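First comes the structure, then the notes that go with it.
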Amino acid sequence: MYNKIFNMTMPEKVETLTRALVGINSINGTSGEVEVANFVKETLLSFPYFQQNPSQVWEQPVPNDILGRKNIFALVKGKTETKDTIIYHSHLDTVGIEDYSSMKKDAMNPDALEDFFKMYAFDKDVQKDAQSGEWLFGRGAVDMQSGIAIHIANVLHFSEHPEELTGNILLMVNPDEESQHKGVISAIAELKRLKEEQGLSYTVAINDDFITPLYDNDPHRYIYTGAAGKLLPSFYIYGREAHVGETLSGIDPNFIAAEITRRVHNNLDLAENIDGELVLPPSCLYQRDTKEFYNVQTATSSYLYFNYFVYKATTKEVMDKLTAVAFEACRETEHVLFKHYNDFLMRTGLPPKTLSWNIEVTSLADYVDELEKMGINTAERMKKEFNENENLEPRMLCFKIVEALQELDPNKKPRVIIFFAPPYLPHNYLNQDNERDANLENALKEVLDEVAKETDEKFALKKFFPYLADGSFLSLHETDEDILSLLNNFPEWESIYPLPIKDIRNLNIPSINIGVYGKDAHKWTERVYKPYTFGVLPGLLRNVTLKLLKKNETILSK
């Protein structure tokens with residue numbers, strides 16, 4: 001690859017690398033993630049600097065990964081003897097290509113897609129972009145093979161000009177961002193090792209995940225100084241089953257689930273309100289009962305979970321909010337079911353049965369305490385359930401464990417048990433009240449002002465990257481008490497989602513996102529804007545790198 005690109009201009013290098021990366025099938029959960037990792041490693045090893053220093057490019061296998069996925073690292077050392085290091089990181093996986101339908105065979109062929117969309121009159125915006133020649137199409141073009149390409153091209157630049165560096169550049173490319181984040185989570189151990197063995201001091205991590213216009217004709221290039229976190233609050237709902245001819249005497253868990261969903265899904269009252277930030281509400285990702293085949297009995301239980309973005313809120317605050325919502329939903333359900341039953345009795349003249357309409361609401365932690373007080377060994381049962389079902393999809397495994405606890409309940413009360421399931425992503429951001437963070441942000445603003453004057457780009461600085469990103473795992477803002485609320489309500493945390501919380505907190509690496517610019521990530525019309533992404537962004541990232549390294553002594557001494 002080096003022989004192909006070394007004489008090119010920077011925009012040509014980035015486009016050539018992007019096209020090569022897009023051309024590799026790197027869909028999450030496939031062996032393509034290994035193939036693209038190998039390509040990145042081979043490309044780096046073709047550079048003269050790494051041919052002279054081959055040990056400074058290496059791979060780290062993701063532990064216990066059946067696909068053999070791996071993280072790729074490369075270290076460029078500056079001429080000065082310093083341990084100050086800036087991390088460049090990107091993810092190498094993409095989402096699937098099913099959305100391309102009849103164009104699936106060309107999903108990774110930018111030229112074929114451009115030709116197709118030039119004639120695509122059903123979407124005038126896409127057609128106009130294709131006809132302009134300024135956009136590169138293809139799965140992963142914007143999310144985020146162009147991001148890897150820029151980091152590789154800048155690594156090449158600094159490897160050829162180490163005299164510019166007053167510190168080091170550590171490239172880190174990770175798999176599995178689009179699913180479980182196994183790549184970056186496993187990379188925490190490697191970052192810790194480098195810190196301990198080589199004394200690297202991490203100034204900041206720079207991700208270049210995609211940015212996009214937030215409204216029609218939005219002129220801004222958004223720069224994010226942190227990342228939103230994520231929780232997956234889950235509801236195991238146990239009702240009272242009934243024959244289809246006696247449903248008025250039952251408590252249908254689907255009815256409860258629907259009422260909870262109605263109150264939670266896209267409810268902005270449950271979202272944080274942070275001035276100037278794009279804050280997204282919780283959304284339902286899964287809702288279904290546990291019946292596996294048709295019969296004339298109503299469902300016994302239901303599963304329900306939500307995507308819940310967190311920005312500054314703590315896990316405990318989210319649990320408290322959702323417990324209150326579930327309580328209100330259950331009170332409404334009780335009222336409606338009781339009314340329907342009484343209306344039925346009045347219409348038929350039948351005598352009433354002795355029925356309780358009470359639906360309890362509890363957190364997993366409180367439910368475990370309740371069972372323990374009955375003398376039930378909950379830890380033993382949870383571990384047994386995990387061992388018997390450890391190959392199950394992680395969220396379903398969590399539900400199975402909670403369901404196993406419910407089966408130990410001698411009273412079989414209708415209830416809603418709220419817990420957390422994977423993935424969990426910490427939230428982080430530069431905090432102006434912290435002098436180190438404030439200095440980092442001020443240095444970033446200086447560079448953006450300089451580049452804006454040179455290029456006429458309009459930059460807008462925001463705290464939270466509004467989508468999910470690997471940068472979430474590089475620092476942790478929550479207190480021990482907040483984390484305890486998560487751990488106590490997460491079934492078999494250490495086995496299902498062993499996140500190295502202590503190491504993340506000790507590393508405490510600020511994470512910013514200065515991303516490639518494009519449209520329609522995760523859609524078949526995905527495309528990256530070449531003039532900014534290939535022409536402006538590489539230089540912007542180099543300028544930020546040099547500014548932060550130059551100011552690093554001052555920043556770290558504060």
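Predicted model, so just to flag it, every value in this text is computed and none were measured.
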Closest non-hydrogen atom pair, [X] against [Y]:
X	Y	result
Y308	L270	OH-O, 2.6 Å
L278	P466	CD2-CB, 3.8 Å
L248	W357	O-CH2, 3.2 Å
A469	L425	O-CD2, 3.8 Å
Y224	F464	CD2-O, 3.1 Å
A242	T247	CB-CA, 4.2 Å

> So Y497 and F490, would you call those rings parallel, tilted or perpendicular, with 30° and 60° as cut-offs?
Replying inline: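 Plane angle under 30°, so parallel.
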
> Of all residues at least two apart in sequence or in a different chain, which pass the salt bridge (charged side-chain N to carboxylate O under 4.0 Å, His left out) check with D123?
Replying inline: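 Partners of D123 under the salt bridge (charged side-chain N to carboxylate O under 4.0 Å, His left out) test: none.
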
> Taking only residues two or more places apart in sequence, or in another chain, which ones meet K413 in a salt bridge (charged side-chain N to carboxylate O under 4.0 Å, His left out)?
Replying inline: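 Applying salt bridge (charged side-chain N to carboxylate O under 4.0 Å, His left out) to K413 gives E360.
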
Give a yes or no on whether the backbone of [Y] and the side-chain of [X] come within a donor-acceptor separation of less than 3.5 Å.
X	Y	result
N174	H89	no
S495	E492	no
R527	D520	no
K192	L507	no
Q60	S186	yes
S283	N266	no
E277	K463	yes
N28	V95	no
E33	D176	yes
S146	A141	yes

> Hey, do the aromatic rings of Y286 and Y305 have their centres closer than 6.0 Å?
Replying inline: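 Between Y305 and Y286, which both carry aromatic rings, the centre distance is below 6.0 Å.
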
> So, for W135 and F117, is the gap between ring centers shorter than 6.0 Å?
Replying inline: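 Not close enough - the centres of the two rings lie 6.0 Å or further apart.
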
Please round to the nearest 0.5 Å and tell me the distance separating atom [atom1] of [X] and atom [atom2] of [Y].
X	Y	atom1	atom2	answer
C284	L304	SG	CG	5.0 Å
T323	K316	OG1	NZ	9.5 Å
I359	I256	CD1	CD1	4.0 Å
K400	E390	NZ	CD	15.5 Å
E372	N377	CD	CG	6.0 Å
K230	S472	NZ	OG	11.0 Å

> How far apart are the C-alpha atoms of Y429 and Y311, what are their side-chain angles, what is the distance that settles it, and do they pass the ring-ring contact (aromatic ring centres under 6.0 Å, His included) test?
Replying inline: CA-CA 9 Å; Y429 54 94; Y311 302 84; 9.9 Å; no

> Are R331 and F327 in a cation-pi setup, meaning NZ or CZ lies under 6.0 angstrom from the ring centre and within 45 degrees of the ring axis?
Replying inline: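 Judged by the rule, R331 and F327 form a cation-pi pair.
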
>> Check for me whether K383 meets the cation-pi criterion with F386, that is, NZ or CZ under 6.0 Å from the six-membered ring centre and within 45 degrees of the ring axis.
In response: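 The answer is yes; both the distance and angle limits are met.
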
> When you look at I418 and N489, which way does the side-chain contact (heavy atoms from CB on, under 4.5 Å) test go after all the steps?
Replying inline: CA-CA 8 Å; I418 309 174; N489 287 293; over 6 Å; no

Regarding [X] and [Y], is there a side-chain donor-to-acceptor distance under 3.5 Å anywhere?
X	Y	answer
S511	N207	no
T333	E259	no
S301	T290	yes
D209	N513	no
E478	T314	no
D143	H522	yes
S485	D482	no

>> Run D99 and K523 through salt bridge (Lys or Arg N to Asp or Glu O under 4.0 Å) and show every step you take.
In response: CA-CA 7 Å; D99 51 333; K523 298 180 182 179; over 6 Å; no

More than 12 heavy atoms of other groups within 6.0 Å of [X] [atom1]:
X	atom1	answer
N273	CG	no
K412	NZ	yes
N295	CG	yes
E481	CD	no
K291	NZ	yes
F293	CZ	no

>> Name the residue from Y303, F306, F419 that meets the ring-ring contact (aromatic ring centres under 6.0 Å, His included) definition with F235.
In response: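 Among Y303, F306, F419, the one that satisfies the ring-ring contact (aromatic ring centres under 6.0 Å, His included) with F235 is F306.
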
> Please walk me through it: do F116 and D106 pass side-chain contact (heavy atoms from CB on, under 4.5 Å)?
Replying inline: CA-CA 10 Å; F116 173 81; D106 291 319; over 6 Å; no

> Where do E114 and K118 land on the salt bridge (Lys or Arg N to Asp or Glu O under 4.0 Å) test, with the steps shown first?
Replying inline: CA-CA 6 Å; E114 181 179 312; K118 282 178 180 177; 3.6 Å; yes

> Should I237 and Q287 be marked as a side-chain contact (heavy atoms from CB on, under 4.5 Å) after you check the CA-CA gap, both sets of side-chain angles, and the distance that decides it?
Replying inline: CA-CA 11 Å; I237 304 167; Q287 178 182 325; over 6 Å; no

> Are side-chain heavy atoms of L405 and M382 found at a separation under 4.5 Å?
Replying inline: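 Yes, side chains in contact.
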
>> salt bridge (Lys or Arg N to Asp or Glu O under 4.0 Å), that's the test. Do R139 and E526 meet it? Break it down for me.
In response: CA-CA 6 Å; R139 174 58 78 231; E526 176 178 357; 2.6 Å; yes

> Between K312 and E272, does a salt bridge (Lys or Arg N to Asp or Glu O under 4.0 Å) hold up when you go through it step by step?
Replying inline: CA-CA 8 Å; K312 293 184 177 180; E272 297 168 63; over 6 Å; no

>> Can you tell whether the side chains of D93 and K182 come within less than 4.0 Å, N to carboxylate O?
In response: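 No.
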
> Should D343 and R347 count as an ion pair when the cut-off is N to O under 4.0 Å?
Replying inline: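 A salt bridge is absent here (no side-chain N lies under 4.0 Å from a carboxylate O).
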
>> Apply side-chain contact (heavy atoms from CB on, under 4.5 Å) to residues S234 and F399 and explain how you reach the verdict.
In response: CA-CA 8 Å; S234 305; F399 276 109; 3.9 Å; yes

